[in-house]
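Report on the structure given below.
Order of the sequence lines sets the chain letters (A, B, ...), proteins ahead of strands, with each chain counted from 1.
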Amino acid sequence: MYEAVAAYPDGDSTVSRHARTAADYGYDGVVVRTRGAEFDGEAISDRYGSDVVTGIEIDADDPESAAGAVGNFRSDCTVLLVRGGTNKLNRYAVETDRVDVLTRPMAGDGDINHVLAKAAKTHSVHIEFDLGPVLRASGGQRVQAIKTLRKLREIVAQYDAPFVVSVNADSHRQLRAPRELRAVGEQIGFTADQITAGLDAWGEIAARNRERMDDDFVEPGVRRGREGG
Amino acid sequence: MKHLPKHLRPRWRYLAVEIEATPTAEFDRGDFQRALWYAAGNLLGDAGSADADLTVYAFDFADGSGEAVVRARHGETDAARAAVACVDSVADHEVGLVVCGISGTVRACEESYLGDGTPLSTEQHVTFADDSRPAICRDDLAEISMPDGFVAATKLDTH
């Protein structure tokens, strides 16, 4: 199970602190959303036993600038995320094979419908369930967040679209252990298995992309090398 | 009033909760209890909150780190766990909470999951982001004082 976090300078905790807390809580590793974060993944993994996956979350105003950023950063990171929040950005993200995850699709004016869910499945773009507002917002905002999560869950389940779960932590104090997330998820209508699957999906994306970025990888099922060598 | 026969007494479970906050955060048991009730009331509703019946028993917090024992009704531990997860701040201080374990008695709870003894924190200067900055260090953790608040780091980030 992995969690995707925003680290210093975008967040209040460094990558190593996130990784240490995540390891304590029982995660296998963290996906770093922040492009400017500096860290030594190997040293962190040696010390705390937590895998660190390089990711970049693209926060663009429109699909055109998002497309530019996807082209620029795809090869720099293992997991590429595009922040949604408008219908145009959501649509761009789920229809782009090079994007791994569409984050916060329901934030702001964003919405997801059956067309986008089917596109996400076709292009294997994971849709994020953002539990952050459930844990940290209150009042009307939280009601709204739980309401939109329910809508998203129903559509995603109907079309079997790939999904991930995250709490969008800016600091290590905002992280919560997988068992806690399962308990919260069950209170707002998820099944425990859905939450676990969503946390596991980060690791599956990272493993798949690492294999693809390997020098010996030619295409799925084809690897360079000598027979028996 | 005469106490209830044993089979009619409510059965309880005790959650061992670890608390983490910024080194300057100060709050007491009452603040934590209030935050917990507020979180439970909002997430579970009045009925669910009454069922879970969350009460803070032992509470110990100093220098940004602490622990608590939270009592919940037997059979409501999942709801209690969810309510604990939804406590994001206590007395306006952001807190990280994790349930380390659940026991049937306060004593077992404390002995099994709590009281590892937090190492003392020291103040020292560390090099971070190309500058020497004051930091509060504990174990291999460092809370580095930056112009706009603390940055939580580890010894791996500092020199």
Heavy atoms of other groups near B/Glu26 CD, more than 12 under 6.0 Å: no

Whether over 12 other heavy atoms sit under 6.0 Å from B/Asp131 CG: yes

Flag if over 12 foreign heavy atoms under 6.0 Å of CD, B/Gln124: yes

Rounded distance [0.5 Å steps], CZ in A/Phe39 versus OG1 in B/Thr154: 13.0 Å

Nearest heavy-atom neighbours spanning A/Gln187 and B/Leu44: OE1-CD2, 3.3 Å

Residue part contacting chain A, namely of B/Ser89, when any heavy atom lies under 4.5 Å: neither

Within 6.0 Å of CZ in B/Arg107, more than 12 heavy atoms from elsewhere: no

Whether over 12 other heavy atoms sit under 6.0 Å from B/Tyr38 OH: no

Presence of salt bridge, A/Arg20 and B/Glu20, under 4.0 angstrom: no

Toward chain A, the part of B/Val98 with a non-hydrogen atom under 4.5 Å: both

Engaged part of A/Ser171 at the chain B interface, taking heavy atoms whose separation is under 4.5 Å: side chain

For chain A, the option from B/Ala85, B/Ala21, B/Ala80 that forms the most heavy-atom pairs under 4.5 Å: B/Ala85

A/Arg208 CZ: over 12 foreign heavy atoms closer than 6.0 Å: yes

Heavy-atom contact with chain B under 4.5 Å, split by part of A/Leu131: neither

Interatomic spacing from CD1 in B/Ile144 to OG1 in A/Thr14 - rounded to 0.5 Å: 7.0 Å

Donor-acceptor pair, side chain of A/Arg17 and main chain of B/Ala152, under 3.5 angstrom: no

B/Leu156 side, atom CG; A/Asp46 side, atom CG - distance, nearest 0.5 Å: 9.5 Å

Any side-chain heavy-atom pair of B/Asp78 and A/Glu186 under 4.5 Å: yes

Exceeds 12 heavy-atom contacts within 6.0 angstrom, atom NZ of A/Lys147: no

Atom group of B/Asp148 that falls short of 4.5 Å from chain A, counting heavy atoms: neither

Chain A contact via B/Phe128 - side chain, backbone, both or neither, heavy atoms under 4.5 Å: side chain

Atom group of A/Arg182 that falls short of 4.5 Å from chain B, counting heavy atoms: neither

Flag side-chain contact, heavy atom, 4.5 Å: B/Leu97 against A/Glu180: no

Over 12 non-hydrogen atoms of neighbours within 6.0 angstrom of CZ in A/Arg153: yes

Straight-line distance of B/Leu43 CG to A/Ser138 OG, nearest 0.5 Å: 12.5 Å

Student check: side-chain heavy atoms of A/Tyr8 and B/Asp157 closer than 4.5 Å: no

Structural part of B/Ala79 lying under 4.5 Å from a heavy atom of chain A: both

Heavy-atom closest pair, residues B/Cys86 and A/Arg142: SG-NH2, 3.4 Å

